[in-house]
Amino acid sequence: MTVAQAEVPRIPDGRLLIGGRWLDAADGERFVVENPATGKPLAEVCRARDKDVAKAVAAAREAYEGAWGTMDARDRGRILRRLVTLLENHSEELVHLESLDGGKPLKATRRQDLPAVIDCFDYYAGWADKLKGDVVPARSDALTYLLREPVGVVGAIVPWNFPLMNAAWKVAPALACGCTVVLKPAELTPLSALRLGELALEAGLPDGVLNVVPGFGTEAGAALVSNPGVDKISFTGSPAVGRWIMKTAAENVTRVGLELGGKSPNIIFEDADLKRAVAAASSGIFFNAGQVCSAGSRILVQESIKDEVVEALVERSASLAVGDTLDEKTMLGPIISEKQLDKVQAYVAVGQSEGAKLVAGGNRVSRPGYYLEPTVFANVDEHMRIAREEIFGPVAAVMSFKDEQDALRLANSTTYSLAAAIWTKDVTRVHRLAAKLSAGTVWVNTYGHTDTRLPWGGSGGDSGIGRDLGEAALANYTETKTIWVNLRQ
Ligand code: NAI
Ligand code: MG
């Protein structure tokens with residue numbers, strides 16, 4: 001687990017990026033961010049509050065009305081492409097920074113997060129000069145056409161589970177559309193966002209186009225949501241905060257996009273390729289230590305194969321290498337914080353007291369940092385809390401169903417609607433279920449994929465509303481304007 005010198009990330013000095021300058025917080029306060037793999041401090045970062053956020057929003061407004069808003073779309077695209085090159089050149093450094101700050105196994109960050117970040121900026125860089133309006137011949141006595149305009153200043157509030165990737169999902173399309181951004185990274189993982197800010201300046205992004213204000217949710221985050229100068233809040237995080245944001249944004253009628261939680265069903269029928277289904281069910285819940293909005297946290301198994309699947313899942317969880325994020329062999333890293341580990345452990349206790357059968361894991365791993373063994377509950381009943389609530393940790397709930405109808409009813413029985421998966425060889429069943437599952441994404445005979453080109457988001461309730469990614473995300477950051485030109489003489 002030695003890190004080659006060249007790969008040791010430069011830890012950003014923790015100042016706020018506002019209007020192209022690196023500033024201390026107005027009241028001079030800082031907070032400590034730690035490495036969840038060891039529990040040791042990693043850096044001190046400036047703690048933005050109202051005044052800092054107000055300054056950042058003003059800088060974003062100025063850049064929107066100035067340099068960025070008046071730049072040719074082609075040139076905006078070129079700057080974003082320069083940022084892509086810089087991200088590629090600094091990819092390994094960013095992988096280490098993200099892994100240290102977020103407690104994410106190096107291998108996974110390298111394979112998943114950074115490629116997704118780079119692809120996201122690359123994809124939206126291409127969109128910058130391809131957004132267009134339309135001519136709608138509504139009347140013979142008028143020329144009626146539509147302009148597609150940026151919404152203005154975007155407030156992006158992102159969580160700690162995929163810090164840089166979640167930032168990219170919002171920042172890249174917003175900038176491509178001609179918006180400017182104030183990015184509020186999670187207080188647990190602010191470092192990669194600050195590094196992104198540095199690289200964006202290096203790429204030639206004009207001052208104030210991307211501002212980065214680390215701070216706490218109830219301080220910097222809340223200040224951003226209530227600021228009347230913000231035209232759109234794009235949020236990923238917990239359902240409770242999402243609800244609060246929607247209510248608060250209503251005051252100024254600020255647009256909101258909410259990517260919230262999940263309790264995604266991974267449905268395995270008896271005719272499935274069980275080897276592959278079990279492997280995917282395991283990575284579906286244990287990837288990123290289960291701290292994934294689309295984690296396959298409910299594994300629904302047809303009764304006839306229940307015992308076989310549970311046995312195979314238990315076997316697989318025992319084979320997962322738990323360890324430090326920088327160890328290349330690690331498959332399951334730590335949970336993000338002591339507090340989050342406590343929350344997950346409390347759910348393990350709830351599962352046991354509710355009568356579910358703990359068949360694997362359940363204990364904290366005795367080493368520094370915040371590790372939980374990969375945990376599997378069998379005989380889970382749909383009314384149990386561990387079957388209904390998002391745990392956001394490496395805890396699988398295995399439930400059984402009789403037939404297709406029963407599977408569908410169970411799958412759709414929570415307040416979430418983010419994702420679902422079906423394992424079967426029956427092609428008609430695939431399409432029947434895909435149409436009826438309450439989910440923004442349905443995987444068939446696979447689990448967990450996302451791609452920049454494909455829209456991503458919940459279908460309401462505790463999974464939220466709106467879509468990140470794909471062409472769909474362009475609608476988040478643009479508004480049409482109708483122009484009516486009288487042609488009568
Ligand atoms: P959170 O929703 O509190 O944090 C997400 C982001 O929102 C952070 O940047 C935070 O600073 C900000 N925030 C918090 N309160 C805010 C407010 N009043 N106004 C504006 N911004 C605010 O999530 P937290 O507490 O870190 O995690 C708690 C639970 O949320 C997890 O256990 C999990 O169930 C869920 N979660 C879901 C995520 C997803 O990807 N859908 C990501 C992170 C958490
Ligand atoms: Mg951290």
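This one's a predicted model, so the numbers in the text were calculated from it and none came from an experiment.
- Under the 4.0 Å criterion applied to side-chain N and carboxylate O atoms, D271 and R429 are assigned as salt-bridge partners.
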Quiz prompt | Chi angles and distances behind the side-chain hydrogen bond (donor to acceptor under 3.5 Å, both in side chains) call for R388, T414 | solution = CA-CA 6 Å; R388 314 190 65 79; T414 72; over 6 Å; no

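- In this structure, E259 and W456 have side chains that are in contact, with non-hydrogen atoms separated by less than 4.5 Å.
- Every residue two or more places apart in sequence or in another chain was checked for a salt bridge (Lys or Arg N to Asp or Glu O under 4.0 Å) with E303, and none qualifies.
- Between E328 and R110 there is a salt bridge, since at least one side-chain N of the basic residue sits less than 4.0 Å from a carboxylate O of the acidic one.
- Using modelled atom types, one finds a donor on one side chain and an acceptor on the other under 3.5 Å when comparing N266 with W423.
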Exercise. Kindly indicate, with the supporting measurements, whether the criterion side-chain hydrogen bond (donor to acceptor under 3.5 Å, both in side chains) is fulfilled by K170 and T236.
Key: CA-CA 10 Å; K170 298 177 188 316; T236 299; 3.0 Å; yes

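- A salt bridge links E338 to R364: at least one charged side-chain nitrogen sits closer than 4.0 Å to a carboxylate oxygen.
- Side-chain atoms of D119 and T452 form a donor-acceptor pair, as typed in the model, at a separation below 3.5 Å.
- Looking at R243 and D462, a side-chain N of the basic residue comes within less than 4.0 Å of a carboxylate O on the acidic one, giving a salt bridge.
- Annotation: W160 is in aromatic contact with F392 [ring centroid separation under 6.0 Å].
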Quiz item: Can you list the steps and then say if K402 with Q302 is a side-chain contact (heavy atoms from CB on, under 4.5 Å)?
Solution: CA-CA 6 Å; K402 280 198 277 300; Q302 198 153 18; over 6 Å; no

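- Checking side-chain atoms of K232 against main-chain N and O of V154 turns up no donor-acceptor pair under 3.5 Å.
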Quiz item: So Q340 and Y370, side-chain hydrogen bond (donor to acceptor under 3.5 Å, both in side chains) or not? Walk me through it.
Solution: CA-CA 9 Å; Q340 188 69 17; Y370 316 118; over 6 Å; no

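- Aromatic ring centres of Y124 and Y477: separated by at least 6.0 Å.
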Quiz item: How far apart are the C-alpha atoms of F269 and D403, what are their side-chain angles, what is the distance that settles it, and do they pass the side-chain contact (heavy atoms from CB on, under 4.5 Å) test?
Solution: CA-CA 8 Å; F269 286 93; D403 53 19; over 6 Å; no

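- A donor and an acceptor atom, one from each side chain of D426 and T428, are located under 3.5 Å apart.
- Between W127 and Y123, the ring planes are perpendicular. Angles over 60° get that label, and only those under 30° would be called parallel.
- For the 3.5 Å distance criterion, the side chains of S99 and T109 qualify, holding a donor opposite an acceptor.
- Within 6.0 Å of NZ in K40 there are 12 or fewer heavy atoms belonging to other residues, nucleotides or ligands.
- D324 places no side-chain N or O within 3.5 Å of a backbone atom of T330 that could act as its donor or acceptor partner.
- Between R255 and E479, at least one side-chain nitrogen of the basic residue sits less than 4.0 Å from a carboxylate oxygen of the acidic one, meeting the salt-bridge criterion.
- Within a 6.0 Å sphere centred on CZ of R432, other residues, nucleotides and ligands contribute more than 12 heavy atoms.
- Between R453 and E471, none of the side-chain N atoms (NZ, or NE/NH1/NH2) sits under 4.0 Å from a carboxylate O, so this pair counts as no salt bridge.
- More than 12 heavy atoms of other residues, nucleotides or ligands shown are found within 6.0 angstrom of NZ on K343.
- Geometrically, K306 does not engage F401 in a cation-pi contact, judged by NZ or CZ lying under 6.0 Å from the ring centre and within 45° of the ring axis.
- The pair R47-E219 counts as a salt bridge, with a side-chain nitrogen and a carboxylate oxygen less than 4.0 angstrom apart.
- With a 4.5 Å cut-off on side-chain heavy atoms, H90 and R195 count as touching.
- At most 12 non-hydrogen atoms from other residues, nucleotides or ligands lie less than 6.0 angstrom from CD of E311.
- Between D406 and R409 a salt bridge is recorded (basic side-chain N to carboxylate O distance below 4.0 Å).
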